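For reference, the structure is listed below as structure tokens.
Throughout, a chain's letter reflects where its sequence line sits, starting with A, and its residues are numbered from 1. All values reported here derive from a predicted model rather than from experimental measurement. Any value given below was found using the heavy atoms of this structure, including those in side chains, with hydrogens, waters and symmetry copies removed.
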Amino acid sequence: MTSPQELPPQGRTLEFEIPSDVRFIERIVDAVRAECRSHRFDERHLALNVPVALTEALSNAILRGNERDRAKLVRVRAVVDEIRLVIEVADEGSGFDLETSLRDPTTPERLMAEDGRGLFLMLRLMDRVERVPVPGGSLVRMVLHRAS
Amino acid sequence: MSFTITKQGDVSIVEIDGQLIVGNRQELKQKMLEALEAGARKLLVDFTKTGYIDSSGLGVLVSLSKKIREQGGELRLAALNEDLRTLFELTKLDTLFQIADTREQALASF
């Protein structure tokens, strides 16, 4: 976790806790995007990188981590400042190995597949994506630096 | 978010207003499969009013293109903004779909 001491004074933290239901995704994306907008992230980040990568992380936590079990929660923490966005998405599942879960979906044999692009997009659209072991679940942390 | 299907000549035009993501992709799939079942063979998705698309949304377009082709039909895409086009380029799906700059160009290409 990013410690508060590392944040410039104007940094803000948003925290959410939702049941495992994909209908909650858009409102979280909207809130995080609005915060990034207020910190002058560029339009491409607001329209592409942030919403797509965050949607992927949330749907992964809801559908795979918590297997749509509404009794299980997804916790989101977004720290936004003038330098970067740090998003943490935690579920109650056993997690996945980022390296082994990533198959290149752009190869000719996988191009026609319906699934398998989520992690690929997260890694392409964020500056850093990592899985952090946490007690009782799994956490994915993504970092995006604000374009200068 | 909403999906609307209108006809222009023999082309069924699907407009996506809002996001195409995991929470609504099945609705789009259902509507387009219904159109296919009703006899539509030329389908055009117009992204003029579309916000963002996630991997589920891309996946459903891939799945629909396969089904439409199996039925002897054609699926074309039009009016992707720069961010959406980047998404298709990153995933190389721009090589899979015929993508026109505008709805009019797509209609003329059928």
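If you measure heavy-atom distances from A/Ala113 to chain B, the contacts under 4.5 Å come from the backbone alone. In this structure, the portions of B/Leu90 lying under 4.5 Å from any heavy atom of chain A include both its backbone and its side chain. For chain B, the nearby part of A/Leu125 is the side chain; its heavy atoms alone come within less than 4.5 Å. Proximity to chain B is absent for every atom of A/Leu58, based on heavy atoms less than 4.5 angstrom apart.
The candidate with the highest count of non-hydrogen atom pairs below 4.5 Å against chain B, out of A/Val29, A/Leu63, A/Leu48, A/Val22, is A/Leu48. The residue among B/Leu93, B/Val60, B/Leu96, B/Leu61 with the most heavy atom pairs within less than 4.5 Å of chain A is B/Leu93.
Residues A/Leu46 and B/Leu84 fall within the same hydrophobic cluster, defined by Ile, Leu, Val, Met, Phe, Trp and Tyr side chains chained together at heavy-atom separations under 4.5 Å. Using a 4.5 Å cut-off between side-chain heavy atoms of Ile, Leu, Val, Met, Phe, Trp and Tyr, with links allowed through other members, B/Leu28 and B/Val11 fall into different hydrophobic clusters. Under a hydrophobic-cluster definition in which Ile, Leu, Val, Met, Phe, Trp and Tyr are linked whenever side-chain heavy atoms come within less than 4.5 Å, directly or via other members, B/Ile16 and B/Leu44 are assigned to different clusters. A/Leu14 and A/Phe24 end up in the same hydrophobic cluster when Ile, Leu, Val, Met, Phe, Trp and Tyr side chains are linked at under 4.5 Å. Cluster membership for A/Met112 and B/Phe88, using ILVMFWY side-chain heavy atoms within less than 4.5 angstrom, is shared.
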Are there donor-acceptor atom pairs under 3.5 Å between chain B and chain A, and if so which?
from: B/Ser55; atom 1: N; to: A/Glu56; atom 2: OE2; distance (Å): 2.5
from: B/Ser55; atom 1: OG; to: A/Glu56; atom 2: OE1; distance (Å): 2.7
from: B/Ser55; atom 1: OG; to: A/Glu56; atom 2: OE2; distance (Å): 3.1
from: B/Lys66; atom 1: NZ; to: A/Met112; atom 2: O; distance (Å): 3.0
from: B/Glu82; atom 1: O; to: A/Arg44; atom 2: NH2; distance (Å): 3.3
from: B/Asp83; atom 1: OD1; to: A/Arg44; atom 2: NE; distance (Å): 3.0
from: B/Asp83; atom 1: OD1; to: A/Arg44; atom 2: NH2; distance (Å): 3.1
from: B/Thr86; atom 1: OG1; to: A/Arg44; atom 2: NH1; distance (Å): 3.0
from: B/Thr86; atom 1: OG1; to: A/Arg44; atom 2: NH2; distance (Å): 2.9

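Residues B/Leu87 and A/Leu121 have side chains in contact (heavy-atom distance under 4.5 Å, counting atoms from C-beta outward). In this structure the side chain of B/Ile53 never reaches within 4.5 angstrom of the side chain of A/Val52, judged on heavy atoms.
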